[in-house]
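Worksheet for the structure shown next.
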Amino acid sequence: MKKDISIHWFRQDLRIDDNPSLNHLSIKGIPVLLIFILDEVNTDRPIGEASKIWLNRALIDLNQQVKGKIMFFKGNPIIIFRNLLSKFNVKNISWNRCYEVWRINRDNDLKKFLTDKVDDVKSFNGSLLWEPWEVLKKDKSPYKVFTPYYQKGCLESKPPRKPITKKIEFFNHNFADYSIENLKLDPKKKWSLNILKEWEFSKNSISKVVENFFEFGIKNYKEGRNFPIKKNVSRLAPYIRWGQVSPHFLWHKCDQYKKKVSEQNLKTFKSQLGWREFSYYLLFHFPKITKKNLHSKFDKFPWISNKKIFNSWSRGLTGYPIVDAGMRELYLTGYMHNRVRMIVGSFLVKNLLHHWKFGENWFWNCLFDADIASNSASWQWVAGTGADAAPYFRIFNPIIQGKKFDPKGKYTKKYIPELRKLHIKYLFNPWDCPEEILQRNGIKLGKNYPFPIVDLKLSREKALSALLTLKEKTKEL
DNA sequence: TTTTGAGTTGTTCGA
DNA sequence: GTCGAACAACTCAAA
């Protein structure tokens, strides 16, 4: 006889705690079958290389948490569910929502397919503090500027739900042929083994990372988060992206630390969660942000595309030490400090005049926290093509930025060992250093560290004048 | 209804 | 050395 079960479909909510879909199924009183589907059929863009590696490790750990009870599938969900309906007496199916267009469409189709076959089919909000369609201006149109969106739209509406975890009985499927190996996510390249080194995956270790941040890093978050060598940033982005840590949990954790941490620091950290919300908000209301300039007047911008230049940027060989340090951090660790992300982004788009989509694609493949919403929205922000964009004349100067935010050069030297001996005075502009000093420190520009790939002043002026050509007004969003 | 001021992350120039 | 102004155009919300 077929068994009565409920099904929870894991997607970007790779956790048991504070999982609204699981909580919903817990009250049904029948065992919950856990499934994961790698859907490369419906997607318009497969997950990036680093994301594959992260997902693989996260799933292995999640499966351990539930004693190996997850069934892993690869393929088209609608076919997989049809198959499951033939094997079991499925009473309830639920999942937590995603917000990319292709997933929304796929899930809607699936829901239609399932409704007359299963009693209860529901989706929940497991990853956003505010649903994008619930936050609107007075005239019911969506916000396009962060501050009013966040201050007015979010903070003055109902507060995010508190994290809840319920006890659930998981169904033991006992099938041998639905193991995680079938997903073929297992990394083969040496690169993938190396970039995992600095990251934790077990539930306990992730908790420790969170605790550690709230006990130490967050205490000087507002100031310290700008300095890449300081330990004030949370580094939680990849965990949030894959749902190993819920934003709701972090939001309310801030409230628990009101006595220990100054309001300013808590507020700044919360607003970072707010930026993630804003990115998803934009993705939902303006789905084209993943591919096209939000402000289409930038379509006419005279971008260039040069493989050699792009490769120098991506491999950290531009000759601008702070840029190169960031790009190497990314390639070595699957992560880049936020301040440096802005510097390298500005450099690629404004100094090297490359379209943001090239940078976005590189980040997509290298970042553990690569998230279609944040990645697109942030690249558009830095490029000046997006919502709430930086003014076009805001072009980061990698020398000033280096001096300001890496004043002792520790971060830069960590990732550019060939400049380790160079005095801080010349660290961010080694080409200005007298030849004899370079020689004494073992540096031969053009040999073991590149000459600058572009002239800073000239490329800045070029970008500014190119931006001025966009003057004609085309109103579109 | 119209006006006004402000808006995550900057740089340069001239006083 | 420090400081303020200028570098657009547009969205939003308060006055």
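Nothing here was measured: the structure is a model prediction, and the numbers come from that model.
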Closest to the side chain of A:Lys144, out of C:dT11, C:dA8, B:dG10, is C:dT11
_Regarding A:Tyr149, tell me which of base, sugar-phosphate or nothing describes its non-hydrogen contacts under 4.0 Å with the strands shown._
nothing
Rounded to whole Å, the CD1-P distance (A:Ile395 to C:dC7) equals 15 Å
In whole angstroms, the gap separating P of C:dC12 from NE2 of A:His285 amounts to 12 Å
- Query: When we call it a touch if two heavy atoms are under 4.0 Å apart, what does A:Leu464 touch: a base, just sugar-phosphate, or nothing?
  - Reply: nothing
Between CG of A:Leu458 and C1' of B:dT11 the distance, given in whole Å, is 16 Å
To the nearest angstrom, the CG-P distance between A:Leu136 and C:dT11 comes to 17 Å
Regarding the side chain of A:Val145, the nearest nucleotide among C:dT11, C:dA8, C:dA13 is C:dT11
Interatomic distance at P, C:dC7 relative to B:dT3, whole Å:
23 Å
Worksheet item: Heavy atoms under 4.0 Å, any strand shown: does A:Arg225 hit a base, just sugar-phosphate, or nothing?
Response: base
- prompt: Parallel, tilted or perpendicular for A:Tyr331 and A:Trp362, by the 30°/60° rule?
  reply: parallel
What I want to check is whether the side chains of A:Glu215 and A:Tyr257 have a donor and an acceptor closer together than 3.5 Å. yes
inquiry  = Is a donor from one side chain sitting under 3.5 angstrom from an acceptor on the other, for A:Gln65 and A:Arg15?
reply    = no
B:dT9 OP1/OP2 closer than 4.0 Å to side-chain N/O of A:Arg394: yes
Checking C:dA8, B:dT12, C:dA13 against the side chain of A:Tyr392 (C-beta onward), the nearest is C:dA8
Rounded to whole Å, the CG-C1' distance (A:Asp406 to B:dT9) equals 17 Å
With the side chain defined as heavy atoms from C-beta on, A:Lys297 is closest, among B:dT12, C:dA9, B:dT9, to C:dA9
Could you check whether A:Asn220 and A:Asn265, counting side-chain N and O atoms only, form a donor-acceptor pair closer than 3.5 Å?
no
Is there a side-chain polar atom (N or O) of A:Asn397 under 4.0 Å from OP1 or OP2 of B:dT12?
yes
Contacts satisfying ring-ring contact (aromatic ring centres under 6.0 Å, His included) that involve residues 413-442 of chain A (not counting sequence neighbours) are A:Tyr320-A:Trp431, A:Tyr411-A:Tyr415
Original post:
Would one find a side-chain N or O of A:Gln401 under 4.0 angstrom from OP1 or OP2 of B:dT11?
Top reply: yes
So the stems of DNA chain C, runs of at least three Watson-Crick or G-U pairs (under 3.5 Å), are B:2-7 with C:10-15, B:10-15 with C:2-7
In whole angstroms, the gap separating C1' of B:dT9 from OH of A:Tyr221 amounts to 12 Å
Exercise. Rounding to the closest angstrom, what is the interatomic distance between C:dG4 and B:dA6 at atom P?
Worked result: 16 Å
Pairwise side-chain contact, A:Glu49 with A:Cys366, heavy-atom cut-off 4.5 Å (strictly under)
no
Residues of residues 368-380 of chain A with a heavy atom under 4.0 Å from any atom of DNA chain C, listed by number, are none
Is A:Lys253 close enough and on-axis enough to A:Phe214, meaning under 6.0 Å and within 45°, for cation-pi? yes
Can any side-chain N or O of A:Ser51 pair as donor or acceptor with the backbone N or O of A:Ile47 at less than 3.5 Å? no
Using the ring of each side chain (for Trp, its six-membered ring), is A:Tyr281 parallel, tilted or perpendicular to A:Tyr143, with breaks at 30° and 60°?
-> tilted
With the side chain defined as heavy atoms from C-beta on, A:Trp381 is closest, among B:dT9, C:dC12, C:dA14, to B:dT9
note: A:Phe347, atom CZ; B:dG10, atom C1'; distance rounded to Å ~ 16 Å
Taking atom C1' in both B:dT2 and C:dA8, what distance in whole Å separates the two? 22 Å
The nucleotide from C:dC7, B:dT12, B:dC13 with an atom nearest the side chain of A:Arg460 is B:dT12
Over all strands shown, is A:Pro142 touching base, sugar-phosphate only, or nothing at heavy-atom distances under 4.0 angstrom? sugar-phosphate
Would the A:Trp379 and A:Phe358 ring centres measure less than 6.0 Å apart?
-> no
Requested in this report: Cation-pi check, A:Arg45 to A:Trp364: give yes when NZ or CZ is under 6.0 Å from the six-membered ring centre and within 45° of the ring axis, no otherwise.
Outcome: yes
Exercise. At under 4.0 Å between heavy atoms, what does A:Pro148 touch on the DNA or RNA strands: base, sugar-phosphate, or nothing?
Worked result: sugar-phosphate
Angle class for the A:His24/A:Phe124 ring planes (parallel below 30°, perpendicular above 60°, tilted otherwise)? tilted
Taking OP1 and OP2 of C:dC12, is either one under 4.0 Å from a side-chain nitrogen or oxygen of A:Lys137?
yes
In whole angstroms, the gap separating P of B:dG10 from CD1 of A:Ile399 amounts to 16 Å
Considering only heavy side-chain atoms of A:Lys152, the closest of C:dA8, B:dG10, C:dA14 is C:dA14
- Span that lies between the C1' atom of C:dG1 and that of B:dT9, in whole angstrom: 25 Å
